[in-house]
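Note sheet for the following structure.
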Amino acid sequence: MARSALERLVVDVPDFPEPGIVFKDISPVLADHDAFTVVIGALAQSGRDDQGRVVVDKVVGMEARGFILAAPVALALGCGFVPVRKAGKLPRETHAVSYELEYGRATLELHRDAIAPGDRVLLVDDVLATGGTVAATNQLVEQCGGTPHAVSVLMELGFLDGRSKADGVPVDSLLTI
Ligand SMILES: O=P(O)(O)OC[C@H]1O[C@H](OP(=O)(O)OP(=O)(O)O)[C@H](O)[C@@H]1O
Ligand SMILES: Nc1ncnc2[nH]cnc12
């Protein structure tokens with residue numbers, strides 16, 4: 001599937017969730033089986049080396065849209081999936097990090113035992129905007145003793161320069177605007 005065809009499936013929604021924000025609605029990508037298949041395969045490439053070997057132990061997805069992409073990426077790579085959730089949702093002992101995003105402030109949590117020391121971790125999300133979510137997730141992975149290997153996103157809002165917050169972790173995006 002051509003990049004332009006994929007891009008056409010992402011719908012711009014002005015002034016959502018608040019005035020001045022152009023919300024990138026990726027749900028039509030998910031609703032198109034061919035597009036969804038291509039996207040999952042492409043996102044999973046970030047967890048492989050040049051020979052196609054899987055080089056990550058876990059795939060982390062950030063609540064909530066990140067879950068939809070990260071879980072099938074984990075299955076495609078033959079890895080476990082680990083959820084990073086908004087505050088108060090995970091039932092056992094967590095690490096927690098607060099962060100800013102394009103439209104507010106939030107806290108993310110990760111079960112302390114979800115990542116083993118030494119695990120190499122692929123972060124998967126739908127949109128990279130300010131980079132607050134990725135920066136917080138990198139910190140959570142490191143607090144568990146893991147190493148963020150790469151960040152793989154469907155869409156990057158380049159004008160917000162979120163990749164500069166990734167602390168040197170490589171960022172792969174399928175679409176950049
Ligand atoms: O780069 P940032 O500025 O941090 O923004 C990107 C994050 O914002 C969105 O999640 P949101 O927190 O809106 O949650 P949702 O997936 O539950 O809608 C998106 O899914 C990313 O996780
Ligand atoms: N403009 C945007 N569209 C969709 N998700 C986002 N997350 C942060 N900013 C966003």
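Atoms within a ligand are numbered from 1 in the order they appear, just like the ligands themselves. FYI, side chains are in, hydrogens and waters are out, and symmetry mates aren't considered; it's all heavy atoms of this structure.
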Worksheet item: Is the closest basic N to carboxylate O distance between Glu156 and Arg163 below 4.0 Å?
Response: yes

Fill in: ligand 1 versus Arg65: contacting region, heavy-atom distance under 4.0 Å
both

State the atoms of ligand 1, each with its element, that fall below the 4.0 Å cut-off from a heavy-atom position in [X].
| X | answer |
| --- | --- |
| Ala64 | 15 (P), 16 (O), 17 (O) |
| Asp125 | 20 (O), 21 (C), 22 (O) |
| Glu63 | 14 (O), 15 (P), 16 (O), 17 (O) |
| Thr133 | 2 (P), 4 (O), 5 (O), 6 (C), 7 (C), 22 (O) |
| Lys86 | 11 (P), 12 (O), 14 (O), 15 (P), 17 (O) |

Fill in: Gly131 to ligand 1, any heavy atom closer than 4.0 Å
yes

Discussion item. Considering both backbone and side-chain atoms of Ala129, is one of its nitrogen or oxygen atoms within less than 3.5 Å of a nitrogen or oxygen in ligand 1?
Written reply: yes

Can you pull every nitrogen or oxygen pair between ligand 2 and the protein closer than 3.5 angstrom?
{"residue": "ligand 2", "atom": "1 (N)", "partner": "Val22", "partner atom": "O", "Å": "2.9"}
{"residue": "ligand 2", "atom": "1 (N)", "partner": "Glu102", "partner atom": "OE1", "Å": "3.0"}
{"residue": "ligand 2", "atom": "3 (N)", "partner": "Lys24", "partner atom": "N", "Å": "2.9"}
{"residue": "ligand 2", "atom": "5 (N)", "partner": "Arg65", "partner atom": "NH1", "Å": "3.0"}
{"residue": "ligand 2", "atom": "7 (N)", "partner": "Tyr103", "partner atom": "OH", "Å": "3.2"}
{"residue": "ligand 2", "atom": "9 (N)", "partner": "Glu102", "partner atom": "OE1", "Å": "2.5"}

Worksheet item: Should Val127 and Leu154 be counted in the same cluster of Ile, Leu, Val, Met, Phe, Trp and Tyr side chains packed under 4.5 Å apart?
Response: yes

Worksheet item: If only atom types and distance count, is the side chain of Lys165 paired as donor or acceptor with the main-chain N or O of Val134 below 3.5 Å?
Response: no

Worksheet item: Do Asp49 side-chain atoms and Gln51 backbone N/O form a donor-acceptor pair below 3.5 Å?
Response: yes

